[in-house]
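Have a look at the structure below, then the notes.
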There are 2 protein chains.
Amino acid sequence: MNKKNLMTLADIAKLANVSTSTASRALRNNPVIKQATRDLVQGLAKEHNFKVNVTASKLRTQKTNTIAVVVMLERKSGQVISDPFLMEILGTIADELTKFGYDMLLTTTKTATHDWYSYYYESKRADGLIIIGQGEHDQRVESLASTKLPFVVWGTEIHENSYTTIGSDNRKGGFLAVQHLIQQGCKRIAFLGDINHNEVEQRWLGYQDALKEANLPIEHGLQIKTDFTSNDGYSKLRDHLLIEDQGIDGIFAVSDAIALGASKYLFEQKIEVPQKIAIIGFDDIAMSEFCSPSLSTIKQNTAAGGRLLVKILLNKINQQPVKSQLLDVEVVQRQSSRR
Amino acid sequence: MNKKNLMTLADIAKLANVSTSTASRALRNNPVIKQATRDLVQGLAKEHNFKVNVTASKLRTQKTNTIAVVVMLERKSGQVISDPFLMEILGTIADELTKFGYDMLLTTTKTATHDWYSYYYESKRADGLIIIGQGEHDQRVESLASTKLPFVVWGTEIHENSYTTIGSDNRKGGFLAVQHLIQQGCKRIAFLGDINHNEVEQRWLGYQDALKEANLPIEHGLQIKTDFTSNDGYSKLRDHLLIEDQGIDGIFAVSDAIALGASKYLFEQKIEVPQKIAIIGFDDIAMSEFCSPSLSTIKQNTAAGGRLLVKILLNKINQQPVKSQLLDVEVVQRQSSRR
DNA sequence: GATATTAATGCAATCGATTGCAAGTTGTTT
DNA sequence: AAACAACTTGCAATCGATTGCATTAATATC
């Protein structure tokens, strides 16, 4: 027993009358050790509630069995993450990692160090990295690609082969959203989102695809740069889209949060949704079903996404070849666009 | 340089022509080392981008500089966390911990081990534990109290001195919410929540306090056990509160998520909010401001809560005396209760 | 100039588990 | 009975940084 009277492997070994090497192997069920010895050691370990000191183990094996997850937050647009979408995917990742015996280290970009390679890999905090949200063309992610740190990004594939990304088929999502609005009879559809985000850019391309397909004009005046918050959805609609003048009849917001903000403004202005203006969001967060009118949206499969992120990263850590993947999306029609 | 050609302290020492002991002290700015030597070593470290191996450091110092955060999820009521409230407090904790140089290990209760003391403390994964949400009188938390693991709980103080909790003044919150409804003219106010949760129980006591103060009867038929989801808020209202029969004119929901679910049902039934029924929630999640009608609620100060959790835990780790604390709450009046 | 102080640095043990290699046992084959 | 193979186990080094104690160098004191 050491000073803090926590059992150590040596203690167990002594109790079992074997060497620490044998004890170690026995505990890990190494078949080279006689079954009887294994049983003995494992029994003693359980009896004395012995737990391997993972720190010592990490040092010796040079594996941390830990994955770091970085959530990219907007530094400017506000302190907290309001987007429930993040929480959902985070929850899945956490559960999936524990399933594979990995611990999960969580950081946001707000206060954390910027040199992820040094901080996590060189200093041996984690075996790999999951980055959620590429944000606005972030340089840090780009520069990781040249290091030995295995990592995966939730987002959109940008530079072929530069690094591995998992994400929804954003372009298709944008397309489906707008196609849906057009099917509901919309002719002049506004776009709310910030195309400096890679994912949003894709959704925006999808928006254009759908307009082109329907032979509708692409009007730049209807495309409003909007942050990922309800607040901005609200105020951009108020300040930049002069509803009457522009005569828009549909809104595609690149997140449900934005869409809810926009809805609020429409409600206040007593503009009927969906009769006068139909609206659709993106994400399918839990709240969307419960606002009034309920919000149509593009559903992202967060559970599948979280699982895939983990799987791909672990494969990468084990030197297996991996490639970027797109997850399918689908339209969820609710009241805000049904007419 | 070792095999993986990462710099090690010994390498730096060699470059600087000093012993590893000196190098170590120099790096950590130990004043016993001559300033010139310190500069030399630190310069070389920076130049060669050397980072201490935290694993080795942890092993030697017996400190992990890591805090584990456990998010208690309902195992039954569904897989994902829909409550944005959790994400907000989690974000604050993450940022606050990095500020103090700690890493944050995140787990949910869904898949994780149950013996937190063994898993985190005995195996040296973390120096302390933050538990978010006591859930339904959980036994695991209770049993931690007798171990050496320093931990803090977000929730409500239950057994005096048994362990340290930080949380909102839930009883006052419940009181304020219902008092507010009464001031708006409500006489028969329903309660939606599951009082098996410690926090909810407090809010429920506050509900009763307010009714008593106003000399209104406490009707058990108006108190409906409801899970922390919009879904359940919706269906419990539909199935158990026969609006016309009971003639309720106010609803206090113990979370905004529940309140939104309830609102949806009222909206569908074309029951006017707040004229016919006023409604108030709890939490003040970001969405509450953006539904229609916007949701009145009791605001919890998550930022202060997160900061306090970290501060108290670190104090505890440093053997300083700490005590449980209540955070103040306030009414945020919006459309759902303004009449 | 000799000794007492103080300032800097180095030696070597330590944290606890893992593992290559050697050594000891037991069993098999001829 | 010798020779060899197959099992089991132990020795001792290792992972990389930290730190108590000893030692050397520099400065002060008489």
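Basis for what follows: all heavy atoms, side chains included, without hydrogens, waters or symmetry-related copies. Chain naming here is simple, since letters A, B, ... match the order of the sequence lines and numbering starts at 1 in each.
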Tell me the interatomic distance from [X], atom [atom1], to [N], atom [atom2], rounded to whole angstroms.
X      : N      : atom1 : atom2 : result
B/K124 : C/dA17 : NZ    : P     : 10 Å
B/L9   : D/dT19 : CG    : P     : 12 Å
B/D11  : D/dA17 : CG    : C1'   : 13 Å
B/R60  : C/dA13 : CZ    : P     : 13 Å
B/N30  : C/dT9  : CG    : C1'   : 11 Å

Which protein N or O atoms sit under 3.5 Å from an N or O of nucleotides 21-26 of chain C?
none

Do B/L313 and B/V310 pass the side chain to side chain contact (heavy atoms under 4.5 Å, CB included) test, and can you show the C-alpha distance, the side-chain angles, and the key distance before you say yes or no? CA-CA 5 Å; B/L313 179 58; B/V310 170; 5.9 Å; no
Check the side chains of [Y] and [X] for a donor-acceptor pair under 3.5 angstrom, ignoring hydrogens and angles.
X      : Y      : value
B/S168 : B/Q300 : yes
B/T164 : B/K316 : yes
A/S118 : A/E122 : yes
B/D95  : A/T108 : yes
B/Y117 : B/S146 : no

Which part of the nucleic acid does [X] contact within heavy-atom distance under 4.0 Å: base, sugar-phosphate only, or nothing?
X     : result
B/V32 : base
A/S21 : base
A/T37 : sugar-phosphate
B/V18 : sugar-phosphate

Just checking, A/K46 and A/F50: is the charged tip under 6.0 Å from the six-membered ring centre and within 45° of the axis?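 No, A/K46 does not lie over the aromatic ring of A/F50.
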Which residue, B/I33 or A/T61, contacts DNA chain C at a nucleotide closer to its 5' end, judged by nearest heavy atom?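 This one resolves to B/I33.
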By nearest atom, which of the nucleotides C/dA8, C/dA12, C/dG16 is closest to the B/K34 side chain? C/dA8
Counting only side-chain heavy atoms from C-beta out, which of D/dG16, C/dT18, C/dT9 sits nearest to B/L59?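 Selected nucleotide: D/dG16.
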Compare side-chain N and O positions of A/T22 against OP1 and OP2 of D/dT9 and report whether any pair is under 4.0 Å apart. no
Angle between the end axes of the helix from C/dG1-D/dC30 to C/dT30-D/dA1, five pairs per end, to the nearest 10 degrees? 50°
Verdict with reasoning, B/L129 to B/V70, per side chain to side chain contact (heavy atoms under 4.5 Å, CB included): CA-CA 7 Å; B/L129 195 60; B/V70 175; 3.7 Å; yes
